[in-house]
Amino acid sequence: MMAPRGFKRDIVTLPEFILERQKDFPYVKGDLTTLLNDIGVAAKIVSREVRKAGLVNILGEMGNDNIQGERQKKLDVFADQQFIAALRQGGVACGVASEEQDEFIAFRDQLYLGHPYVVAIDPLDGSSNIDVNVSIGTIFSIYQIVESGREACLEDFLQPGRELVAAGYVIYGSSTMLVFTTGRGVNGFTLDPSIGEFCLSHENIQIPESGPFYSINEGNLLDCSQGIQDFVGWCKGQGGGKALSGRYIGSLVADFHRNLIKGGIYLYPATTKAPLGKLRLLYECNPLAFIVEQAGGMASDGYRPIMDYQPRELHQRVPLFIGSPHLVQKAMDFIHSEVNHPLNG
Ligand code: FDP
């Protein structure tokens with residue numbers, strides 16, 4: 001139906017936005033559009049469950065451990081199932097790797113052969129915060145398969161971040177937001193519960209060059225290298241500079257989102273107990289690195305860009321320094337100035 005003359009609606013929904021941008025990707029004939037919409041629908045279903053979690057007594061542990069050795073919460077399992085089902089039903093992805101699953105899943109039905117995408121997903125990040133009503137999130141990344149016309153295999157998932165076609169996250173916070181990039185800037189959509197649609201609310205997000213926040217689990221600091229300890233000291237104003245504010249929610253998506261909008265750095269460095277840090281390259285670091293670079297920021301392991309890693313395994317971990325370029329560079333300067341670091345020899 002035509003809109004009346006002179007009438008201009010002031011909202012743009014996620015499907016409208018994606019459709020409008022489809023012309024940026026003529027080679028995929030709308031498949032990416034379908035895929036992003038499928039993720040958007042699953043996100044709405046998960047958001048609905050997160051919102052009523054306390055009411056329907058869905059909270060609590062399921063009793064089994066995932067591959068990371070963490071206790072799975074019921075909502076993790078629910079979110080995992082929802083996203084996998086949405087991707088399978090959508091018929092555009094030929095496989096999915098989930099942080100909650102040991103192995104990737106290849107959709108083997110004939111229907112999926114020839115479909116060009118695989119998806120890596122962390123269905124519910126920050127799960128230790130579920131029971132205490134703190135923001136949690138979903139992180140997703142989309143790759144084209146390496147060789148078309150066959151079923152998904154491991155090499156399709158083990159591609160460097162530079163090969164990402166799209167990545168995004170959903171934050172279930174004071175409102176539910178979906179933020180994504182297809183390599184042409186970063187846009188954010190807020191779920192309007194009254195119409196059940198993600199509406200464009202943050203167009204072309206740019207991270208500030210520097211910012212007021214540093215985010216680290218300081219409980220680990222004494223297990224970190226001297227360079228990291230010195231950098232955190234610098235963040236606190238040691239050396240005479242202005243102190244930053246410490247903010248650490250303990251939900252990566254929420255900490256990342258705040259710093260993306262307001263400026264800051266999030267770091268999860270190597271520690272003596274976790275020499276590769278805690279966060280996963282495929283499910284967490286690569287997608288957020290793609291987003292932050294698209295927004296003008298930086299993501300590094302302290303030495304090289306996260307996006308340049310050649311992944312070796314699905315659940316690989318990597319140290320992460322991500323956020324405003326000035327602050328990430330500063331962290332790297334401290335790390336590089338450390339004399340006894342094994343990589344500085
Ligand atoms: P969680 O274990 O609750 O799922 O990678 C997962 C993650 O949360 C991140 O969301 C979060 O930033 C980090 O771990 C918190 O780890 P610490 O408790 O070690 O700080």
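Please read all numbers here as calculations on a predicted model, not as lab measurements. When a residue number appears, it is its place in the shown sequence, counting from 1. As the structure lists them, so they are numbered: ligands from 1, and atoms in each ligand from 1.
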Ligand 1 to [X] polar contact by distance, N or O atoms, under 3.5 Å:
{"X": "Lys278", "answer": "yes"}
{"X": "Tyr268", "answer": "yes"}
{"X": "Ser128", "answer": "yes"}
{"X": "Leu252", "answer": "yes"}

TODO: May I have all residue pairs that pass side-chain hydrogen bond (donor to acceptor under 3.5 Å, both in side chains) and include part of residues 232-254, sequence neighbours excluded?
DONE: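 Those involving residues 232-254 are Asn129-Ser251, Glu218-Lys236.
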Open item on the list: Side chains of Asn220 and Tyr268 only: does a donor on one sit below 3.5 Å from an acceptor on the other?
Closed with: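 Side-chain D/A pair, Asn220 to Tyr268: present.
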Open item on the list: Checking side-chain polar atoms at under 3.5 Å, does Thr138 have a donor or acceptor matched by the opposite partner on Tyr172?
Closed with: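 Yes, a side-chain donor-acceptor pair sits under 3.5 Å.
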Near [X], which atoms of ligand 1 are under 4.0 Å from a heavy atom of that residue?
{"X": "Glu284", "result": "5 (O), 6 (C)"}
{"X": "Arg280", "result": "5 (O), 6 (C)"}
{"X": "Ser127", "result": "1 (P), 3 (O), 4 (O)"}
{"X": "Ser251", "result": "10 (O), 12 (O)"}
{"X": "Leu279", "result": "5 (O)"}

TODO: Would you please determine whether Asp125 falls within less than 4.0 Å of ligand 1 on a heavy-atom basis?
DONE: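 Yes; Asp125 lies near enough to ligand 1 that a heavy-atom distance drops under 4.0 Å.
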Open item on the list: Determine whether a donor-acceptor pair (N or O, by modelled atom type, separation under 3.5 Å) exists between the side chain of Glu293 and the backbone of Met298.
Closed with: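 Absent.
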Are [X] and [Y] within salt-bridge range, i.e. N to O under 4.0 Å?
{"X": "Arg150", "Y": "Glu155", "result": "yes"}
{"X": "Arg280", "Y": "Asp122", "result": "no"}
{"X": "Glu49", "Y": "Lys74", "result": "no"}

- [ ] List for me each residue that meets side-chain contact (heavy atoms from CB on, under 4.5 Å) alongside Asp333, sequence neighbours excluded, and say none if there are none.
- [x]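 Partners of Asp333 by the side-chain contact (heavy atoms from CB on, under 4.5 Å) criterion, ordered by chain and then number, come out as Gln329.
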Open item on the list: Please work out, at 4.0 Å between heavy atoms, whether the side chain, the backbone, both, or neither of Tyr266 comes within that distance of ligand 1.
Closed with: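 Within the 4.0 Å criterion, Tyr266 contacts ligand 1 through side-chain atoms alone.
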